[in-house]
Amino acid sequence: MSVETTPVDEVGWQRQWDDAGLFHADLHPDRPKFYCLEMYPYPSGKMHMGHVRNYSIGDAVARFKRLMGFDVLYPMGFDSFGMPAENAAISEGGHPHDITERNMASITEQIKRMGFSYDWRRTLKSHDPRYYKWNQWFFTKFMENGLARREFAPVNWCQSCSTVLANEQVKAGRCWRCNGPVAQKEMSQWFLDLPAYCQELEDGLDSIAFPEHVKSLQLDWLGRSEGANIQFSIEGREETIDVFTTRPDTLFGATFVTLAPEHPLAESLVAGTEHEPVWREFHDEMATIAEFDRIKNMNKKKGIFSGRYAVHPLTEERVPIWFGNFVIATYGTGAVMAVPAHDERDFDFAKKYGIPIQRVLVMKEGADPAAPMSKAEIDLGWMVNSPVEGFDGLYGQAAKDAVCQALEERSRGHQTINWKIRPWLVSRQRYWGTPIPVIHCDDCGAVPVPEEDLPVELPRDVVFGHGNPLETSETFVNVDCPKCGKPARRETDTMDTFMDSSWYFLRYTDPLNDDQAFAKNIADHWMQVDFYCGGIEHAQMHLIYARFMTKALRDLGLTDVAEPFNELLCQGMVNKAAPFCQPCGITLPTVHEGSPCPQCGSELSSRSAKMSKSLGNTVSPEEMISLYGADTVRLFILFAANPTAGMDWSDTALDANHRVMVQMRSMPHQLTAWKVKPSPMDAWLDARMTQRTHEFCTAMDEYDLRRAVEISHYDIIKDINWYTRRGGENLEVAHRWLPIWAQMVSVSTPHLAEEWWANLDSTSTFVSGSTLPLPAPLTDEQNLVLSAEQYIRDVLEQARKVRVVAERHLGTSASQATFVVAPSWKRTMARAALTFIHDGGHPKKFIPILQEMPMTQGERKGEMIGFWGKKMLPQVFKWDDASKAVVASTMEEQAVLDAASAFIAVELGLEAVMVVVGESDHDDTGRSGSAMPLSPAVVYS
RNA sequence: GCGAGCGUGGUGAAACUGGUAAACACAGCGGGCUUAAAACCCGUUGACCGCAAGGUCUUACGGGUUCGAGUCCCGUCGCUCGCACCA
């Protein structure tokens, strides 16, 4: 690791930016706005590389947009409610508030050390009553408009977190946070009616620039399915059983009905019969078993008969009612019609319990309706064996429609759309969150806390460790009913912390407002978020809640915004190599490096794995910053991989990036040491820098940050090297481009850029507050200058390759070279062919055109046509667009080479370089046959 | 099982709506400058062959469409992610 001798004073620049209030987002009516946001972070005490990557990306975008003249809103704050702080309070003593504040102070300091351009005035924290007051206010509004409801329902209970979880927060039957088992528990809980917005949430995905895989994840969660609700009446009962099905076309094959054991009618169906104890045992087993185990045993279908019968809505036949372990109480209606002939699950179940299987579809038109069934035939088919007239022969949607119509005529069912996503369960039996602003009164029920009494603040006098801490605060719990004034009890559940992160982006637009959550005109001005950057792990929870909440707040009249985020970028993981055992297929902690596999004893290879504490392959940002500085870390992170790709941490690559930074420090010094000495190369560097500036802006506009950094920190250095190698050293050119280069550099390594900027006479203040004047597009002349230079580089490269073989033939080292430029008829042919193909002509049809051209009218006609097929046709497609443009341009190869012949001679270490046109009087090499446009033949001697 | 995506050098990876691969970087190798090293600069690096100006092969595998396929279509294999008795 090399150590910089004169490091940039990064902290000094950060202080100056801060003092100047450079990144304060203020409104200028004459400027476009840009809202750049990173996902609301939980304030753990230490910043990790994932943060650094996330914010380096966002900061580069924010800084670029400022250069482009936008008003940029780029805030930072903390999702500071949540269980880690509460758990820390329990395990180490202390209070979540103090732990959170301590962690926030520490991580804020580390984030600031990176020099990100946040408007720190706008910093939010969820646990600030000035913020969570509005969670409570929204909640009371939602109670008024019916969006918030209290329901007694089976919910997911995580024992180790001792709280309930929303459906989205259960992953494979386990808690998303602690990975502990999740059990079903019936409780009275608060829900937000997210399904009310299902259709809009699905449709909205078409209007925003989310990555396709995120859209697909969201569609999965919303889970739209089209089908029908069908009512089966129950023999001897008034109630009906509603079932949901996507296959009404198989209704005639329904030979039984299956209910979830927790179905609301279940208990009453079996009450007082011999089936009651069996059901009760079955129900209790299902209700209390951890869902994880239930899923594990999923393929063991289990059911019990209720002793009751339902009546088929169309045929009036008796069908038995069963309870099944595979029916989910909260999906659809909690009941299914079972069609064993055309559903695999029902088929297995019917086989196991000896229930009849009735074919009602055939898979081929006109097939035998009586064909035996060896397995369920689940595809769409043609209806057969219908006990009612007018259905046989119908297929697919027509069959479904016909059945639904028959049901509607009898008022026994209707078409409907079912969604998998369920109401958002927002109650949590934990302390460190927003208190739900409700007072329970024996007479008035659940009464919302009046607006003037908000916020309901978290009390400090609580005891942690035994159940819900809020229940231990007498002063909190005991209140009078706001309606009738009698003694009542305060709600002790707090809100899911995803509530906080579902609208924080709106609060950032107007963070200090104490009269409203945010002023409508201000929020509408800044929203929506133009660029949102964060991890893929929030693709379904946070990003669904936030979209829902935005729509719900819009419907309260608070904004006009329907979608919170437009462009979403999910940055890739930060990985680092860790030991890997090929035979066992496992990645091991880094402590095993260099030793054999602890399980099988074989030698370990290495594999890149996500940085994690458990593997021990983490890298501390603090340490890297202290060794190399923030700029180097930022450069490395942006250059190592595209934002969306996973990146591998590499110490050697980091070191290489640091060398670039060290080298770049001296660039202005080097350039301003040039003299006022114009040369023909000045026009080239002018054109090149113009081109680079445009390329840079295009890359940044496309969020191709890696390419942008490559231009600003690598390509331009090479361009300058080439310029000086070709004899350029004009101070005026340096003065022209150093400021713009500094601006490009400032996007990723702002501290270095400030050093540059400060040393330029022509500039004042800060590069970070400047705007970049986009140079005029390249003129034709400039393009020609660039082409000519590229031509020389290509010719040189080719000449080097040829030389090795040529000298083998010469038997000695070459002392001179003759460049034979292709005779003009070849270029004429190439131009004609390019025009022909460009205008849509088919390559095979070019020969007739060629035969008509004046140049082919002589005795060389046959030779030229042969040349076309053998050499020119493949070549025409090998040229890239730039080369094609050069072929079509007025560039004279001979003139360009003549002008550069001295340079070429020096580069190749030759005494003399001659240039001749092939087939001319000067050409005595006899090699012009192999010369092509842009590719002269080289003859060494 | 369903859905989405992916498969390119020693390595990380580029390649726009099909235009004739491997840009750029890392690692390696050769050279320059140095007493020497570092830094820096220049060159070189998919494979095989070569009669000098090049040829042949190559984007997991097998087919197809096309003047032309990493890119489009069909099939096979492998990997990643998400969902999952979802009715």
Whole angstrom value for the distance that separates P of A87(B) from CD1 of Ile417(A): 14 Å

Should A84(B) form a Watson-Crick or G-U wobble pair with both distances under 3.5 Å, which nucleotide is its partner? none

When we call it a touch if two heavy atoms are under 4.0 Å apart, what does Val876(A) touch: a base, just sugar-phosphate, or nothing? nothing

Nucleotide A15(B), atom P - distance to CG of Asp704(A) in whole Å: 8 Å

Given A25(B), C85(B), U44(B), which nucleotide is nearest the side-chain atoms of Arg706(A)? A25(B)

Counting heavy atoms from C-beta on, name the nucleotide in G43(B), A4(B), G19(B) closest to the side chain of Arg800(A). G43(B)

Does any nucleotide pair with A60(B) by Watson-Crick or G-U wobble geometry, both distances under 3.5 Å, and what is it? U76(B)

In terms of ring plane angle, is the pair Phe639(A) and Tyr714(A) parallel, tilted or perpendicular, where the classes change at 30° and 60°? parallel

Is there a Watson-Crick or G-U wobble partner for A23(B) with both distances under 3.5 Å, and if so, which one is it? none

Mind checking the P distance from U44(B) to U59(B)? Whole angstroms is fine. 25 Å

Comparing Asn418(A) and Gln663(A) on RNA chain B - which has the more 5′ nearest nucleotide: Gln663(A)

From the list C83(B), C41(B), G43(B), which nucleotide is the closest neighbour of the side chain of Asp220(A)? C83(B)

CG of Asp242(A) versus P of A87(B): gap in Å, rounded? 17 Å

Closest to the Ser216(A) side chain: C86(B), G3(B), A87(B)? G3(B)

In whole angstrom, what separates Glu695(A)'s CD from C24(B)'s P? 13 Å

Work out how far the P atom of U8(B) is from that of C83(B), and round it to whole angstrom. 26 Å

For this output row, return yes or no: ring centroids of Phe256(A) and Tyr353(A) closer than 6.0 angstrom. no

Ile717(A) side chain, from C-beta outward: closest of G43(B), C86(B), C41(B): C41(B)

Measure from the side-chain N and O atoms of Thr240(A) to the backbone N and O of Gln231(A), and report whether any donor-acceptor pair falls under 3.5 Å. no

Look at Tyr331(A) and A87(B) and indicate whether a side-chain polar atom (N or O) is within less than 4.0 Å of OP1 or OP2. yes

From CZ of Arg793(A) across to C1' of U44(B) the rounded distance in Å is 16 Å

C86(B), C41(B), G19(B): which one has an atom nearest the side-chain heavy atoms of Arg345(A)? C86(B)

Can you tell me the base-pairing partner of G18(B)? Count Watson-Crick or G-U wobble geometry only, both distances below 3.5 Å, and say none if there is no partner. none

For Asp346(A), answer base if it contacts any base atom (sugar-phosphate contacts may also be present), sugar-phosphate if it contacts only those atoms, and nothing otherwise; contact means non-hydrogen atoms under 4.0 Å. nothing

I want to verify a distance call: between A25(B), G43(B), G82(B), whose nearest atom is closest to the Tyr714(A) side chain? A25(B)

Heavy atoms only, 4.0 Å cut-off, all strands: where does Phe349(A) land among base, sugar-phosphate and nothing? nothing

If I take atom NZ in residue Lys420(A) and atom P in nucleotide C2(B), what distance separates them, rounded to the nearest angstrom? 16 Å

In Watson-Crick or G-U wobble terms, with both distances under 3.5 Å, the base opposite A37(B) is none

Please classify the nucleic acid contact of Ala806(A) as base, sugar-phosphate, or nothing, using heavy-atom distances under 4.0 Å. base

Hey, which of Arg688(A), Arg707(A), Gln691(A) is the one that makes side chain to side chain donor-acceptor pair (under 3.5 Å) with Asp715(A)? Arg707(A)

Donor-acceptor under 3.5 Å (Arg634(A) side chain, Ser748(A) main chain): yes

Between Phe282(A) and Trp322(A), does the ring centroid distance fall short of 6.0 Å? no

Between Lys302(A) and Ser941(A), the residue closer to the 5' end of RNA chain B by nearest nucleotide is Ser941(A)

Counting side-chain heavy atoms from C-beta on, which of C24(B), C42(B), A87(B) comes nearest to Glu710(A)? C24(B)

Suppose you measure atom C1' in U20(B) against the same atom in U71(B); what distance do you get, rounded to whole Å? 12 Å

For atom P, what is the distance between U56(B) and A21(B), given to the nearest Å? 12 Å

Side chain of Asn642(A), heavy atoms from C-beta onward: which of A87(B), A14(B), C85(B) has the nearest atom to it? A14(B)

Main-chain N/O of Ala653(A) paired with Asn657(A) side-chain donor or acceptor, under 3.5 Å: yes

G-U wobble or Watson-Crick pairing nucleotide for G43(B) (cut-off 3.5 Å, both distances): C29(B)

Please confirm whether the shortest side-chain N or O distance from Gln875(A) to OP1 or OP2 of U20(B) is below 4.0 Å. no

Compare side-chain N and O positions of Arg725(A) against OP1 and OP2 of G43(B) and report whether any pair is under 4.0 Å apart. yes

If the C1' atom of A13(B) is compared with that of G7(B), how far apart are they to the nearest Å? 14 Å

Let me know the distance between CD1 of Ile711(A) and C1' of A23(B), rounded to the nearest Å. 12 Å

Classified by glycosidic angle (syn within 90° of 0, else anti), G9(B) comes out syn

Polar side-chain atom of Lys375(A) near backbone of Glu344(A) as donor-acceptor pair, under 3.5 Å: no

Over how many whole Å does the gap from Asp655(A) atom CG to A38(B) atom P extend? 14 Å

Respond yes when some side-chain nitrogen or oxygen of Gln670(A) is under 4.0 Å from OP1 or OP2 of C40(B), and no when none is. no

Taking only the side-chain nitrogens and oxygens of Lys718(A), find out if one of them lies under 4.0 Å from OP1 or OP2 of A25(B). yes

Separation between the P atoms of A36(B) and A47(B), rounded to whole Å: 33 Å

Selection from A87(B), C24(B), C42(B) that lies nearest to any side-chain heavy atom of Phe244(A): A87(B)

Positive for side chain to side chain contact (heavy atoms under 4.5 Å, CB included) with His713(A), one of Met744(A), Met664(A), Gln663(A): Met664(A)

Side-chain donor/acceptor of Arg247(A) to base of A87(B), under 3.5 Å: no

Looking for any heavy atom pair under 4.0 Å, which part of the strands does Gln798(A) touch: base, sugar-phosphate only, or nothing? sugar-phosphate

